Amino acid sequence: MIYNIKPCPKPRMTQSDRWKKRPPVLRYWAFCDEVRLMGLVLPESGSSVIFTMPMPKSWPKKKRASMLGEYHQQKPDLDNLFKALGDAVYKDDSKICSVTMSKVWGESGSIEINKA
């Protein structure tokens with residue numbers, strides 16, 4: 001199932017984020033709300049998750065065409081993307097025991113979850 005949600009990494013949060021309202025933290029909370037509203041389902045085991053990261057608009061068409069579907073090997077880290085997704089779907093994400101993950105370049109951001 002493909003969900004048209006732009007992936008967002010989980011930021012490092014501190015106590016002061018309760019009142020400081022830093023932009024990365026606000027983006028993370030908005031992402032969590034969007035995931036919950038869409039009713040995204042993440043199986044506890046045996047699933048694969050593909051994070052499609054949007055390409056920068058400043059890239060020329062030739063580079064965009066060559067990078068489409070290629071692995072995304074930049075920040076944000078794959079584990080931080082999955083931490084955000086797991087926290088948004090489950091209150092206690094320690095239930096997740098087996099998952100295969102990857103992140104690729106795409107025209108727009110999305111999250112694809114395939115059940116085994």
Side-chain angles (χ1 to χ4, degrees):
M1 181 67 124
I2 298 175
Y3 300 92
N4 290 323
I5 303 171
K6 183 180 174 189
C8 173
K10 181 164 184 172
R12 183 172 300 206
M13 291 191 270
T14 63
Q15 292 277 339
S16 64
D17 284 326
R18 291 182 184 171
W19 65 84
K20 277 190 179 179
K21 310 291 186 205
R22 293 182 306 133
V25 176
L26 294 176
R27 277 193 301 272
Y28 167 71
W29 289 120
F31 168 78
C32 290
D33 292 340
E34 189 176 2
V35 166
R36 290 183 192 116
L37 283 173
M38 291 191 90
L40 193 139
V41 177
L42 181 64
E44 295 172 0
S45 66
S47 64
S48 69
V49 179
I50 301 171
F51 295 99
T52 303
M53 305 303 288
M55 289 185 256
K57 302 237 186 272
S58 61
W59 282 5
K61 288 182 183 179
K62 187 175 181 180
K63 183 173 183 177
R64 292 173 76 84
S66 69
M67 294 301 286
L68 187 63
E70 294 294 321
Y71 286 121
H72 180 278
Q73 297 178 333
Q74 300 173 1
K75 287 186 178 184
D77 295 338
L78 184 59
D79 59 330
N80 289 335
L81 291 170
F82 189 73
K83 281 181 209 173
L85 180 63
D87 288 345
V89 174
Y90 292 107
K91 283 188 177 183
D92 180 19
D93 60 349
S94 65
K95 295 177 182 181
I96 302 170
C97 59
S98 171
V99 67
T100 304
M101 302 178 289
S102 62
K103 60 179 182 164
V104 296
W105 288 109
E107 289 296 331
S108 62
S110 66
I111 300 173
E112 181 179 346
I113 300 175
N114 299 310
K115 300 172 188 169

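Since we're looking at a predicted model, the values are computed, not measured. Quick note: numbers below take in every heavy atom, side chains included, and nothing from hydrogens, waters or symmetry partners.
Closest heavy-atom contact between S110 and P7: O-CG, 3.6 Å. Nearest heavy-atom pair across V41 and Y3 is N-OH, 3.8 Å. D17 and T14 get closest at one heavy-atom pair: OD2-N, 2.9 Å. Between S45 and C97, the closest heavy-atom pair is CB-SG, 3.4 Å. Of all heavy-atom pairs spanning P24 and P11, the tightest one is O-CG, 3.9 Å. Taking all atoms of both residues into account, the shortest heavy-atom contact from P43 to I113 is CD-CG2, 4.0 Å.
Other residues, nucleotides and ligands contribute over 12 non-hydrogen atoms within 6.0 Å of the CD atom of Q74. Counted within 6.0 Å of CH2 on W59, heavy atoms from surrounding residues, nucleotides or ligands total more than 12; the atom is thus considered enclosed.
With a 4.5 Å cut-off on side-chain heavy atoms, F82 and L42 count as touching. Between L81 and M53, the closest side-chain pair of non-hydrogen atoms falls below 4.5 Å. At least one side-chain heavy atom of P56 sits less than 4.5 Å from a side-chain heavy atom of W105. By the 4.5 Å heavy-atom criterion applied to side chains, L40 and L85 are counted as neighbours.
Residues M1 and I50 fall into different hydrophobic clusters, defined by Ile, Leu, Val, Met, Phe, Trp and Tyr side chains chained together at heavy-atom separations under 4.5 Å. No chain of hydrophobic side-chain contacts below 4.5 Å, direct or via other Ile, Leu, Val, Met, Phe, Trp or Tyr residues, connects V25 to I5. Transitive grouping of hydrophobic side chains (ILVMFWY, heavy atoms separated by less than 4.5 Å) keeps I2 and V99 in distinct clusters. Hydrophobic clustering (side-chain heavy atoms under 4.5 Å, transitive across Ile, Leu, Val, Met, Phe, Trp, Tyr) groups F31 together with M101.
Applying the salt bridge (Lys or Arg N to Asp or Glu O under 4.0 Å) rule to D33 yields the partners R36; only residues at least two apart in sequence or on another chain are considered. Residues forming a salt bridge (Lys or Arg N to Asp or Glu O under 4.0 Å) with R27 (at least two apart in sequence, or on another chain): none.
Put simply, the side chain of D87 never gets that close to the backbone of A84: no donor and acceptor are under 3.5 Å apart. The closest donor-acceptor contact from the side chain of K103 to the backbone of P76 lies under 3.5 Å.
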Show your working on side-chain contact (heavy atoms from CB on, under 4.5 Å) between N80 and K83 and close with a plain yes or no.
CA-CA 5 Å; N80 289 335; K83 281 181 209 173; 3.4 Å; yes
Evaluate R64 against E107 for side-chain contact (heavy atoms from CB on, under 4.5 Å), listing each step before the verdict.
CA-CA 8 Å; R64 292 173 76 84; E107 289 296 331; 2.9 Å; yes
Apply side-chain contact (heavy atoms from CB on, under 4.5 Å) to residues Y28 and M13 and explain how you reach the verdict.
CA-CA 10 Å; Y28 167 71; M13 291 191 270; 3.6 Å; yes
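Expressed to the nearest 0.5 Å, how far OG of S102 lies from CD of E112 amounts to 8.5 Å. Note: L68 CG to K63 NZ = 13.5 Å, rounded to the nearest 0.5 Å. In this structure, OG1 on T52 lies 13.0 Å from NZ on K6, to the nearest 0.5 angstrom.
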